[in-house]
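These notes are about the structure you will find just below.
Position 1 is the first residue of the sequence; numbering continues from there. Only heavy atoms go into these numbers, but all of them, side chains included; no hydrogens, no water, no symmetry mates.
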Amino acid sequence: LAPGTGVPLHQHPEEEILFVYAGRARITVAGVLHEVGPETAVFISGGTYHSIENIGTDELRLTFTLSPPGYENVFRKMVRTRAEHPVMPV
């Protein structure tokens, strides 16, 4: 993610693990802000609202793993339709 960008507040039934490889992020989980850097993992329970913001000056590089599988279809649809990640009401 480029500096100043991020993933808006959302939730999904899958559990998620985020792993930061490079950069600095503010990851908000259930309203609690966590400022994290490289080599940091964050676990998010299914159904929990969360967001990601690149607060650094460099690109934020991270991976995410969701379980059980299925949420990848949201990203496939985003690519097909050139849409942004859906914003979920709080």
Linked hydrophobic residues, Phe19 as query - side chain contacts closer than 4.5 Å: Tyr21

Between atom CD of Glu14 and atom OG1 of Thr48, what is the distance when rounded to the nearest 0.5 Å? 12.0 Å

Which label fits Tyr71 and His10: parallel for a plane angle under 30°, tilted from 30 to 60°, or perpendicular past 60°? parallel

Rounded to the nearest 0.5 Å, how far does CG of Leu18 lie from OG1 of Thr63? 8.0 Å

Between Ile44 and Ile17, is there shared hydrophobic-cluster membership here, with clusters defined by ILVMFWY side-chain heavy atoms closer than 4.5 Å? no

Taking the side chain as everything from C-beta on, heavy atoms only, tell me whether Thr28 gets closer than 4.5 Å to Ser51. yes

Partners meeting salt bridge (charged side-chain N to carboxylate O under 4.0 Å, His left out) with Glu59 (sequence neighbours left out): none

Please determine whether side chain to side chain contact (heavy atoms under 4.5 Å, CB included) holds for the pair Asn73 and Arg76, giving the CA-CA distance in whole Å, both sets of side-chain angles, and the decisive distance to 0.1 Å. CA-CA 5 Å; Asn73 294 319; Arg76 288 185 181 117; 2.8 Å; yes

Within a reach of under 6.0 Å around CD of Glu39, are more than 12 heavy atoms found that belong to other residues, nucleotides or ligands? no

Let me confirm one number: the CG-CG distance from Leu1 to Asp58, rounded to the nearest 0.5 Å. 13.0 Å

If you measure from CZ on Arg24 to OG1 on Thr40, what distance do you get to the nearest 0.5 Å? 8.0 Å

Within a strict 4.5 Å, meaning less than it, do heavy atoms of the Glu16 and Gln11 side chains meet? no

Give the other cluster members for Ile55, using side-chain heavy-atom distances under 4.5 Å between Ile, Leu, Val, Met, Phe, Trp and Tyr residues; answer none if it is isolated. none

Using every non-hydrogen atom in the two residues, find where Gly56 and Pro3 come nearest and quote the distance to one decimal. O-CB, 3.4 Å

For the residue pair Ile52 and Leu60, establish whether any side-chain heavy-atom pair is separated by less than 4.5 Å. yes

